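Some notes on the structure that comes next.
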There are 4 protein chains.
Amino acid sequence: MPKPTRTRRRTDATVDRRESILDAALECFVLRGFHGTAIPEIAKGAGIAAGTIYHYFPSKEAMVNALFRKWKGEIAQRVLTAFPAGAPVRDQFRVMWRTMTDFALSHPRAFAFLELHHHQDYLDDESRVMENNLKDFGALMVMRAQQEEQVKPGSTALLMELVFGAFIGMMRAHWDGRVELNADQQAFAEQACWDAIALHRP
Amino acid sequence: MPKPTRTRRRTDATVDRRESILDAALECFVLRGFHGTAIPEIAKGAGIAAGTIYHYFPSKEAMVNALFRKWKGEIAQRVLTAFPAGAPVRDQFRVMWRTMTDFALSHPRAFAFLELHHHQDYLDDESRVMENNLKDFGALMVMRAQQEEQVKPGSTALLMELVFGAFIGMMRAHWDGRVELNADQQAFAEQACWDAIALHRP
Amino acid sequence: MPKPTRTRRRTDATVDRRESILDAALECFVLRGFHGTAIPEIAKGAGIAAGTIYHYFPSKEAMVNALFRKWKGEIAQRVLTAFPAGAPVRDQFRVMWRTMTDFALSHPRAFAFLELHHHQDYLDDESRVMENNLKDFGALMVMRAQQEEQVKPGSTALLMELVFGAFIGMMRAHWDGRVELNADQQAFAEQACWDAIALHRP
Amino acid sequence: MPKPTRTRRRTDATVDRRESILDAALECFVLRGFHGTAIPEIAKGAGIAAGTIYHYFPSKEAMVNALFRKWKGEIAQRVLTAFPAGAPVRDQFRVMWRTMTDFALSHPRAFAFLELHHHQDYLDDESRVMENNLKDFGALMVMRAQQEEQVKPGSTALLMELVFGAFIGMMRAHWDGRVELNADQQAFAEQACWDAIALHRP
DNA sequence: AATGAATGAGGCTTCATTCAT
DNA sequence: GATGAATGAAGCCTCATTCAT
């Protein structure tokens, strides 16, 4: 039984088309960046006329922001949903790492778009807010781990950024074909990053 | 014996102007990216006419490649020069980390341009080769450290990319104002990254 | 015997909708001109979908011509209906002036559209013919007045155009807020225009 | 001996080209209006590439405003220069009328552009100010004539607008081929308009 | 060598019109 | 009839590049 989709103006066909535009845009933006991508390229990728894009987005900037928010929201939601609230910190870290890895491997272009490109130029305020949601969550986890004395005392933000950076570096190397990422490698990397922040006591 | 500089003599004035163009370009590219920057903007930044740029670079693409190589070469040379060949691995790591930090802090725009932007689109083959010089060097160091059993056994490339990624993440957070980077913080981050790859024995 | 209205019957609803389209178009054309007005704007003003307009008019040009003819016909009909055929010329002039003033004041947008805009671009032949109906009638009146030696001998057309132009100038100044138009002012202007053409004898 | 033209950046060639653009634009705007004219049409008329226009005007709107001010200023200057300050009012009126007629006949397109089109849409504030300069001057003349009891008492603005409107009506009829304008006709029309506002005493 | 006006292709966006629903 | 999504030509404007001075 199909659920009575949405308000009205967004029929299934409308949503599908909108998504296909976002997909095509993602493909282009990852390859050539926002400024390097022409609207007709995206339209061709989505199999529609250039003008049609403007039925779904008022401008190229609005489109890139919608794309950014779509995927930034998606990844944040996955991490938050998967997070094992009551589990030991070490497990929380592992789950979070795995969730992000799973996402990045199953949506490589989305991840590349989100994390490998500089967006300062065209993101609006709402998007900028989302930018930091995930990091804020990660910082919270690190901070609690510090309180439990399982993670080094010191700048929470710095530790979190190191781990996040390492994760992105790993993924970038993967896309570029410089490192494989089988299950062992993933676990190995995860452990290394934990070691980076873990409090090592005698 | 230094070879007699290229096909044609380059006067000091010529070199200076060329550099001022590259500086202006750097400024623009960091802010708006390659595709988002117009040649006249760069010319204005350099205090010259737009047409003059074409006396120094045959095209916008050639210019961005020259810029990329200039700074990628600069950072590589610094790291190589500073590298303490005979010192213990732990010291080598520290020196390398510090050298890169010093560079990134004293040339923030150059570092941002090199590491925070996606260049796939316009880099030529020669630039692409340079892209990996530093990482190759880092990988070599890690490999030797593995042989000395001071760094975890496993994928050398992966370990190196994690450290590099963490470094970039730290720097990005610094530019964005999310973390401070005083001497203590720098040392703290360096130690954390060493812990990530170090072989912890009982 | 009136012919049985065109090829197809027009229901009241059809006529109403057609009128509401013309009203909305009038509003837009006065503000931004024909070329400056988009069909969807008119549709929105009429509270219908853009495509619907094409059930009533085959094209934007056809619509603007219909609009022009509607109002040009309306004003002509009023003047002709009100015209006191047997009255003295001075009275005829006064009635005609008043009729036009009444129309212009009660349908300001229609008058502005008709007389304050340049239509050369898009009017078809049929509309162009109507353009001059009123002036021809005015010219006829002036000519008879000349025959009665109450109006200066000389170019009938020129006298008529002067009066018409003065009338339009007065109205334009009124729309623009530069002159008030109470009953006294209207009478004052009418007298001035009569003086312009009247034959003043010693 | 050529005078040392202008500041610098406006060389003779530059000025000429700018003028040729304005001339071409005038031609187009008179025929099809501002919104009905495409930049490439103007460029073709001026014999240059479309992009070149943007070296002389930052936008189409800026261009139409420059055009408006150029001609509005020209006509105002002519009228003011020709005005016989100490002469009898009747002569002042005649001179002003003739000056405007001469201008309108020798620059028909400029006059048509200025007075036969609706500009509300795209004129900026500075242009709007110029719009009324000439009328203000005319109103002043009328007011003094009223003080001398040679022109009817009553709304100065209204009288002036009637005359101005009559003048425009005459010119429009001339362009449209409905009235000739030889010297006799011009004098005839001028006298008629004077009669419109003159105070007729027994 | 330096300039900056000129070019014209190409970018983003609008819009009259069509057509499947 | 009514709708409004879709189209694609065309509009305004930008910009890498050239070239006469």
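A, B, ... follow the sequence lines: proteins, then strands. Residue 1 opens every chain. Quick caveat: nothing in here was measured; it's all calculated off a predicted structure.
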| task | Identify the two heavy atoms, one from Ile21(A) and one from Ile42(A), that lie closest to each other, and give their separation to 0.1 Å. | result | O-CG2, 3.9 Å

| request: Check whether any side-chain N or O of His117(B) sits under 3.5 Å from a backbone N or O of Val30(B) as a donor-acceptor pair, and report yes or no. | output: yes

| query | Which ranges of DNA chain E pair up as stems, where a stem means three or more consecutive Watson-Crick or G-U pairs with both distances under 3.5 Å? | reply | E:2-21 with F:2-21

| field | Phosphate OP1/OP2 of dA2(E) contacted by Arg17(B) side-chain N/O (<4.0 Å) | value | yes

| Between Ser127(A) and Asp124(A): side-chain donor-acceptor atoms closer than 3.5 Å | yes

| Which residue pairs pass the salt bridge (Lys or Arg N to Asp or Glu O under 4.0 Å) test with at least one member in residues 34-45 of chain D, sequence neighbours excluded? | Arg32(D)-Glu41(D)

| note | Heavy-atom contacts, protein to nucleotides 12-19 of chain E, under 4.0 Å, summarised as B (base), S (sugar-phosphate only) or - (none) per nt, yield SBBSSBB-

| task | Run through Phe113(C), Phe29(C), Phe34(C) and flag the one making a ring pair (Phe, Tyr, Trp, His ring centres under 6.0 Å) with His119(C). | result | Phe113(C)

| query | Ile48(D) near the nucleic acid: base, sugar-phosphate alone, or nothing, with a heavy-atom cut-off under 4.0 Å? | reply | sugar-phosphate

| task | Look at the side chain of Asp23(A) and the backbone N and O of Ala46(A), then say whether any donor-acceptor pair between them is shorter than 3.5 Å. | result | no

| message | If you assign Gly47(A) and Ala49(C) each to the DNA chain F nucleotide with the nearest heavy atom, which residue ends up on the more 5' nucleotide? | response | Ala49(C)

| message | Between Phe57(A) and Val64(A), is the side-chain contact (heavy atoms from CB on, under 4.5 Å) condition met? List the steps. | response | CA-CA 9 Å; Phe57(A) 305 98; Val64(A) 77; over 6 Å; no

| note | Within residues 20-29 of chain A, the residues having a heavy atom closer than 4.0 Å to DNA chain F are none

| query | What does Tyr56(B) touch in the nucleic acid at a heavy-atom separation under 4.0 angstrom: a base, only the sugar-phosphate, or nothing? | reply | sugar-phosphate

| message | Taking the side chain as everything from C-beta on, heavy atoms only, tell me whether Glu115(C) gets closer than 4.5 Å to Lys72(C). | response | yes

| query | Taking only residues at least two apart or on different chains, which pairs with a member in residues 47-62 of chain C satisfy salt bridge (Lys or Arg N to Asp or Glu O under 4.0 Å)? | reply | none

| Who passes ring pair (Phe, Tyr, Trp, His ring centres under 6.0 Å) against His107(A), sequence neighbours left out? | Trp71(A), Phe103(A)

